[in-house]
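Index from 1, following the sequence. Computed over heavy atoms, backbone and side chain alike; hydrogens, waters and symmetry mates excluded.
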Amino acid sequence: MLEQLAPDGRDKILDVGCGTGTFALLVKRAAPGAHVVGLDPDPAALKIASAKARAAGVEIEWRQGSAHEADGLDCSFTKAVSSLVFHQVPMEEKKRGIAAMARAVIPLGEVHIADYARQHSRLMRTLFRIVQHLDGFQNTEPNASGAIEAIRADLDPDSGSSSGTIRTLTGEISLFRLQVTPALQNSLAPPATGGSREPS
């Protein structure tokens, strides 16, 4: 995912569902000049993330909030990324969260997602049940049936298939990249709620 994101020092990058900051730190190390913001609803995770960034000697901005609030941070991002988040949330949050990521970036900005999506073989589908037992079937089952692919196709019918897949011991993880054209941004409905989140 880091290779696909290809961060550079000119980027403003939003990490949605950043958790304890592992991926955000990777991004900052790869592009020290980039402005990186981590967004997560869990204050305990953000506290750990902040401590990790201080220990690493890097500056990352941490905000508390959910994926559907990604477009309310008063910052024009060049890229938004989410890793292994959307399989854990309800279907409505998947839709709202991905749409908010698209609204959060500048025209011709990019949205990158790595997550469990459609499981393309019986073996991968069976292995994915490990994740489902841990995270619950209600939220994970739509992913295994192609929900992320469908949401992305609704946003951009010409977006095509995933940019790559990784087979793991817990199922197949797919990588997605969406370039957010001005036409796509104009087609997105304004958020029902908004407002900036307080820095952690």
Side-chain angles (χ1 to χ4, degrees), residues 1-89 93-94 97-117 148 151-152 155 159 162-166 168 170 172-180 184-185 196-200:
M1 174 53 91
L2 185 64
E3 182 180 345
Q4 176 176 294
L5 185 66
D8 68 38
R10 298 165 295 177
D11 278 322
K12 293 182 179 180
I13 299 174
L14 175 63
D15 183 4
V16 174
C18 64
T20 60
T22 299
F23 189 74
L25 282 165
L26 288 175
V27 171
K28 191 65 175 179
R29 289 187 182 117
H35 178 199
V36 180
V37 177
L39 177 71
D40 199 274
D42 185 354
L46 290 174
K47 186 175 181 180
I48 295 171
S50 181
K52 287 164 67 174
R54 285 196 302 272
V58 299
E59 185 175 341
I60 297 174
E61 184 178 350
W62 307 104
R63 299 288 192 102
Q64 185 179 347
S66 299
H68 69 264
E69 298 172 291
D71 57 340
L73 298 180
D74 299 328
C75 184
S76 296
F77 296 98
T78 56
K79 297 170 183 175
V81 61
S82 178
S83 179
L84 300 180
V85 171
F86 287 110
H87 73 279
Q88 302 179 67
V89 300
E93 180 66 6
K94 299 182 204 294
I98 294 172
M101 289 175 70
R103 285 193 296 266
V105 301
I106 62 174
L108 301 181
E110 299 172 357
V111 171
H112 297 263
I113 296 172
D115 215 323
Y116 296 101
I148 300 298
I151 293 168
R152 184 178 139 175
L155 291 174
S159 60
S162 66
S163 57
T165 57
I166 303 165
T168 78
T170 53
E172 190 172 84
I173 295 172
S174 295
L175 305 180
F176 299 95
R177 177 183 178 274
L178 176 67
Q179 187 171 54
V180 183
L184 172 56
Q185 284 193 321
S196 61
R197 303 286 93 189
E198 291 299 318
S200 298

*Check whether any side-chain N or O of S66 sits under 3.5 Å from a backbone N or O of P41 as a donor-acceptor pair, and report yes or no.*
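No, the answer is negative, given that no donor and acceptor are paired below the 3.5 Å cut-off.
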_I'd like to know if the side chain of E110 and the backbone of T78 have a donor-acceptor N/O pair within less than 3.5 Å._
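Looks like no, no N/O pair under 3.5 Å.
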_By salt bridge (Lys or Arg N to Asp or Glu O under 4.0 Å) - contacts of K79 (at least two apart)_ =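 D11.
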Closest approach of [X] to [Y] (non-hydrogen atoms, all atoms of both residues):
X: D71; Y: A100; result: CB-O, 3.5 Å
X: Q64; Y: L39; result: C-CD1, 3.9 Å
X: A70; Y: A104; result: O-CB, 3.4 Å
X: W62; Y: G21; result: CH2-CA, 3.8 Å
X: K12; Y: C75; result: CD-SG, 4.0 Å
X: V85; Y: V16; result: CG2-O, 3.6 Å

*What is the distance from atom CE of M101 to atom CG of L178, rounded to the nearest 0.5 Å?*
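Output value for this atom pair is 9.5 Å.
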*asked:* Just verifying a value: how many Å separate L5 CG and L175 CG, rounded to the nearest 0.5 Å?
replied: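 One finds 11.0 Å between CG of L5 and CG of L175.
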Using the test side chain to side chain donor-acceptor pair (under 3.5 Å), find all partners of [X] that sit at least two apart in sequence or belong to another chain.
X: S76; answer: none
X: S174; answer: none
X: R54; answer: S50
X: D8; answer: R10

*With sequence neighbours excluded, tell me which residues meet ring-ring contact (aromatic ring centres under 6.0 Å, His included) with Y116.*
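Checked Y116 against ring-ring contact (aromatic ring centres under 6.0 Å, His included); matches are H87, F128.
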*Contacts of type ring-ring contact (aromatic ring centres under 6.0 Å, His included), residue H112, not counting sequence neighbours*: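 Expected list: none.
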[Y] and [X], any side-chain heavy atoms less than 4.5 Å apart:
X: D115; Y: F176; answer: no
X: I148; Y: I98; answer: yes
X: L2; Y: P7; answer: yes
X: L84; Y: F23; answer: no

*Given the rule in the side-chain contact (heavy atoms from CB on, under 4.5 Å) test, do C18 and L46 qualify, once you have shown the distances and angles that lead to the verdict?*
CA-CA 8 Å; C18 64; L46 290 174; 3.7 Å; yes
Contacts of type side-chain contact (heavy atoms from CB on, under 4.5 Å), residue [X], not counting sequence neighbours:
X: E59; result: none
X: P32; result: none
X: V89; result: F86, E93, K94

*Summary of side chain to side chain donor-acceptor pair (under 3.5 Å) pairs that have at least one residue in residues 14-23, sequence neighbours excluded*: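 For residues 14-23, and leaving out neighbouring residues, the side chain to side chain donor-acceptor pair (under 3.5 Å) pairs sorted by first residue read T20-K52, T22-K52.
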*Inter- and intrachain pairs under side chain to side chain donor-acceptor pair (under 3.5 Å), touching residues 27-45, at least two apart*: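 Every pair satisfying side chain to side chain donor-acceptor pair (under 3.5 Å) with a residue in residues 27-45: H35-E61.
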_Intermediate values then yes/no, side-chain contact (heavy atoms from CB on, under 4.5 Å), L184 and Q179_ = CA-CA 9 Å; L184 172 56; Q179 187 171 54; over 6 Å; no
